[in-house]
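Structure first, then comments.
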Amino acid sequence: VQLQASGGGLVQAGGSLRLSCTASRNIFSMGWYRQAPGKQRELVATITSRGTTNYVDSVKGRFTISRDNPNNTVYLQMNSLKPEDTAVYYCKAADFWYNPYWGQGTLVTVSS
């Protein structure tokens, strides 16, 4: 499975960005992780093929993950961005046998 992510960039605090990630074939779950400088990679949000979602507490109410199943694409709408959201965001997918696949990272920078 190949994953193609896009949508990162520079935004001011309070602004919005949308990330997208397209998989080369149908997979079970997709999600986003992020890694800030000097920190471990952490889960941001995931969504299964049935639409079940999961978010890290720090983004609840601000980020929304959604999925376009026919096009094997997942989106992460990020609103009310904070400087602490600055990180490299990685798309991750898992197939129906739970094998993980990672996309290339996309940098999100939130200025104060």
Side-chain angles (χ1 to χ4, degrees):
V1 176
Q2 294 183 333
L3 302 174
Q4 183 66 44
S6 63
L10 172 65
V11 64
Q12 289 188 334
S16 298
L17 282 174
R18 189 176 81 154
L19 306 181
S20 63
C21 177
T22 299
S24 57
R25 62 177 173 85
N26 188 28
I27 35 73
F28 172 62
S29 71
M30 299 184 77
W32 293 93
Y33 287 67
R34 66 186 178 186
Q35 187 166 18
K39 295 187 177 181
Q40 290 188 334
R41 191 173 297 187
E42 67 169 353
L43 179 148
V44 177
T46 60
I47 185 168
T48 69
S49 58
R50 296 178 180 178
T52 301
T53 59
N54 182 44
Y55 297 90
V56 67
D57 287 345
S58 61
V59 307
K60 287 180 179 178
R62 300 188 298 121
F63 291 10
T64 302
I65 191 168
S66 60
R67 182 166 173 167
D68 178 358
N69 283 334
N71 292 303
N72 301 322
T73 299
V74 64
Y75 302 98
L76 185 68
Q77 178 66 42
M78 305 185 293
N79 298 328
S80 301
L81 282 161
K82 304 175 180 180
E84 51 263 43
D85 294 317
T86 295
V88 177
Y89 284 69
Y90 297 90
C91 177
K92 182 183 178 183
D95 62 23
F96 293 89
W97 297 268
Y98 304 107
N99 295 309
Y101 303 91
W102 290 93
Q104 85 281 10
T106 184
L107 178 63
V108 172
T109 304
V110 184
S111 62
S112 58

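In this text the structure is predicted, and so the values were computed from the model without any measurement.
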Next item on the list: Mind checking the CG-OG1 spacing from Leu107 to Thr86? Nearest 0.5 Å is all I need.
Entry: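 That separation rounds to 8.0 Å.
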Could you tell me which non-hydrogen atom of [X] sits nearest to which non-hydrogen atom of [Y], and how far apart they are?
X	Y	answer
Leu3	Gly103	CD1-N, 3.5 Å
Val74	Cys91	CG1-SG, 4.3 Å
Gly31	Ile65	CA-CD1, 4.0 Å
Ser49	Asn69	O-ND2, 3.1 Å
Tyr89	Val44	CE2-CG2, 4.1 Å

query: Given Asn26 and Phe96, is the side chain to side chain contact (heavy atoms under 4.5 Å, CB included) satisfied, shown in steps?
result: CA-CA 9 Å; Asn26 188 28; Phe96 293 89; 3.9 Å; yes
Flag the pair [X] / [Y] as yes when at least one side-chain heavy-atom distance between them is below 4.5 Å, and no otherwise.
X	Y	result
Asn71	Thr22	no
Leu19	Met78	yes
Leu17	Val108	yes
Tyr90	Cys21	no

* To do: Kindly indicate, with the supporting measurements, whether the criterion salt bridge (Lys or Arg N to Asp or Glu O under 4.0 Å) is fulfilled by Asp57 and Lys60.
  => CA-CA 5 Å; Asp57 287 345; Lys60 287 180 179 178; 2.9 Å; yes
Under the 3.5 angstrom rule, does the side chain of [X] hit a backbone N or O of [Y] as a donor-acceptor pair?
X	Y	value
Gln104	Ala5	yes
Arg41	Gln35	no
Thr64	Gln77	no
Thr106	Gly8	yes

Are Val88 and Tyr101 connected into the same hydrophobic cluster when the rule is that any two of I, L, V, M, F, W, Y join if their side-chain heavy atoms are below 4.5 Å apart?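 Different clusters: Tyr101 never reaches Val88 through Ile, Leu, Val, Met, Phe, Trp or Tyr contacts under 4.5 Å.
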Joint cluster assignment, Phe63 & Val11, ILVMFWY side-chain distance < 4.5 Å: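 Same hydrophobic cluster.
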Tell me if the CD atom of Gln2 is crowded by more than 12 foreign heavy atoms within 6.0 Å. no
Identified side-chain contact (heavy atoms from CB on, under 4.5 Å) partner of Phe28 from the options Asn99, Thr48, Asp95: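 That would be Thr48.
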Taking atom types as modelled, is there a side-chain donor on Ser20 or Thr73 under 3.5 Å from an acceptor on the other? no
Q. Have Ser16 and Asn79 got a donor and an acceptor in their side chains that come within less than 3.5 Å?
A.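 Note: Ser16 and Asn79 side chains meet the donor-acceptor criterion.
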For Glu42, the salt bridge (charged side-chain N to carboxylate O under 4.0 Å, His left out) test, sequence neighbours excluded, returns Arg34
| Would Arg67 count as a cation-pi partner of Tyr75, with NZ or CZ less than 6.0 Å from the six-membered ring centre and within 45° of the ring normal? | no
- Query: Does the ring center of Tyr33 lie less than 6.0 Å from the ring center of Trp102?
  - Reply: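 So the answer is yes for these two rings.
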